[in-house]
Colleague: 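Provided herewith is a single structure, encoded as structure tokens, for subsequent inquiry.
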Amino acid sequence: EFAALLETSVPTWPQGQGDLGERLERASKRAFENGARGVIFLGADSPTLDWDALSLVPETLTRVDVSIGPCTDGGYYYLAARRHIPEIFCNITWGTSEVLKQTCSIAEQHDVTVHVGEMGYDIDRVEDLRAALGDLESDSHLAITIREVLANGNIVSQREST
């Protein structure tokens with residue numbers, strides 16, 4: 001259904017159960033088993049992705065095993081790999097400021113070469129919404145939606161406190 005929604009022929013599979021690491025590892029394994037020459041996982045909550053920088057990732061993967069786009073919160077907004085490396089998805093404390101650091105440390109322990117790309121951010125807090133507003137075209141659909149969400153601050157505040 002997702003591929004039809006996107007109007008693409010790119011293969012898609014259900015994520016399945018488990019934490020983020022288990023789901024990423026499973027997706028990586030499946031992609032490579034189905035003939036992929038590389039994978040890239042993109043954060044869906046990163047509205048200001050630099051598509052020009054991302055277009056360089058395939059070339060970067062000719063020199064390193066993994067390329068990661070770090071987030072200001074200590075995570076990452078993309079991770080790309082040229083082969084299935086299950087270890088980089090294990091023993092990570094997902095959702096914390098240690099995700100990137102732990103991933104790079106595990107990669108080093110397993111002799112996996114890593115390129116760390118340009119800093120980015122994702123949307124986890126109200127402050128991130130405000131930052132995105134400053135980076136988006138003011139008349140874009142996403143900017144309009146963010147302004148509507150922020151204008152309805154009582155709903156946002158209630159959700160933050162729960």
Side-chain angles (χ1 to χ4, degrees), residues 1-31 34 36-61 64 66-82 88-89 92-104 114-162:
E1 292 174 21
F2 189 70
L5 177 68
L6 295 177
E7 298 178 359
T8 181
S9 61
V10 173
T12 59
W13 305 287
Q15 289 187 17
Q17 300 300 312
D19 70 14
L20 180 59
E22 292 169 310
R23 290 178 283 144
L24 291 171
E25 188 278 329
R26 190 170 38 250
S28 171
K29 181 179 181 185
R30 188 167 190 179
N34 281 279
R37 295 179 302 172
V39 297
I40 184 166
F41 297 103
L42 298 174
D45 58 348
S46 298
T48 58
L49 284 175
D50 182 347
W51 293 103
D52 291 333
L54 284 176
S55 71
L56 302 175
V57 170
E59 193 277 324
T60 300
L61 291 179
V64 298
V66 173
S67 181
I68 301 175
C71 274
T72 55
D73 65 5
Y76 52 80
Y77 62 96
Y78 83 82
L79 182 142
R82 68 176 173 185
I88 62 173
F89 303 115
I92 305 292
T93 50
W94 299 103
T96 71
S97 62
E98 299 297 309
V99 171
L100 176 66
K101 183 178 171 184
Q102 291 173 343
T103 303
C104 290
V114 176
H115 167 264
V116 178
E118 294 185 32
M119 186 65 69
Y121 65 92
D122 54 13
I123 305 293
D124 294 323
R125 304 164 309 204
V126 172
E127 301 85 60
D128 302 328
L129 287 171
R130 290 187 182 102
L133 261 185
D135 295 335
L136 295 167
E137 295 291 329
S138 63
D139 61 347
S140 72
H141 180 70
L142 184 54
I144 293 167
T145 301
I146 291 172
R147 281 195 301 278
E148 288 172 0
V149 167
L150 291 174
N152 200 352
N154 59 339
I155 292 174
V156 174
S157 297
Q158 289 172 6
R159 288 188 184 148
E160 286 180 335
S161 64
T162 59

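Below, all heavy atoms of this structure are taken into account, side chains as well, without hydrogens, waters or symmetry copies. Just so it is clear, the model here is predicted, and its values are computed rather than measured.
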Colleague: Restricting to side chain to side chain donor-acceptor pair (under 3.5 Å), what partner residues turn up for Thr103, sequence neighbours left out?
Modeller: none

Colleague: Is it the case that the side chain of Tyr121 and the backbone of Ala132 share a donor-acceptor pair, with hydrogens and angles ignored and the cut-off at 3.5 Å?
Modeller: yes

Colleague: Looking only at heavy atoms, what is the nearest atom pair of Val116 and Cys104, with distance?
Modeller: CG2-SG, 4.3 Å

Colleague: How would you list, by chain and number, every residue that makes a side-chain contact (heavy atoms from CB on, under 4.5 Å) with Asp128, sequence neighbours excluded?
Modeller: Ile123, Asp124, Arg125

Colleague: Would you compute the distance between atom OG1 of Thr72 and atom CG of Asp122 and round it to the nearest 0.5 angstrom?
Modeller: 7.0 Å

Colleague: Are Leu54 and Leu42 close enough, and set up right, to give a side-chain contact (heavy atoms from CB on, under 4.5 Å), and what steps lead you there?
Modeller: CA-CA 10 Å; Leu54 284 176; Leu42 298 174; 3.8 Å; yes

Colleague: Would a distance-only check, ignoring hydrogens and angles, find a side-chain to backbone donor-acceptor pair under 3.5 Å from Arg130 to Leu150?
Modeller: no

Colleague: Quick check for you: to the nearest 0.5 Å, what is the distance between Asn34 atom CG and Lys29 atom NZ?
Modeller: 11.5 Å

Colleague: To the closest 0.5 Å, what do you measure between CZ (Phe89) and CG (Asp19)?
Modeller: 11.5 Å

Colleague: Please report the shortest heavy-atom distance between Gly75 and Leu100, naming the atom on each side.
Modeller: O-CB, 3.7 Å

Colleague: If every non-hydrogen atom of Pro14 is compared with every non-hydrogen atom of Arg30, which pair is closest and at what distance?
Modeller: CD-NH1, 4.5 Å

Colleague: Should Leu61 and Ser67 count as side-chain neighbours, where that means a heavy-atom distance under 4.5 Å?
Modeller: yes

Colleague: Can you tell if the side chain of Glu25 reaches within under 4.5 Å of the side chain of Glu22, non-hydrogen atoms only?
Modeller: no

Colleague: Measuring only between side-chain heavy atoms, which start at C-beta, is Glu148 closer than 4.5 Å to Ile144?
Modeller: yes

Colleague: Quick check: closest heavy atoms across Pro70 and Glu118, and the distance to 0.1 Å?
Modeller: CD-O, 3.4 Å

Colleague: Could you grab the distance from atom OH of Tyr78 to atom OG of Ser46, nearest 0.5 Å is fine?
Modeller: 12.0 Å

Colleague: Looking at Thr60, is its backbone amide N or carbonyl O close enough to the side chain of Arg82 to form a donor-acceptor pair, meaning the two atoms are under 3.5 Å apart?
Modeller: no

Colleague: Between CG of Leu142 and CZ of Arg147, what distance do you get to the nearest 0.5 Å?
Modeller: 10.0 Å

Colleague: Is there side-chain contact between Trp94 and Leu24, with heavy atoms separated by less than 4.5 Å?
Modeller: yes

Colleague: Answer yes or no: does atom CD of Glu137 have more than 12 heavy-atom neighbours from other residues, nucleotides or ligands under 6.0 Å?
Modeller: no

Colleague: I need the minimum non-hydrogen distance between Gln15 and Arg26, along with the two atoms involved.
Modeller: O-NH2, 2.9 Å

Colleague: What pairs with Glu98 under side-chain contact (heavy atoms from CB on, under 4.5 Å), at least two apart in sequence or on another chain?
Modeller: Thr93, Thr96, Lys101, Gln102

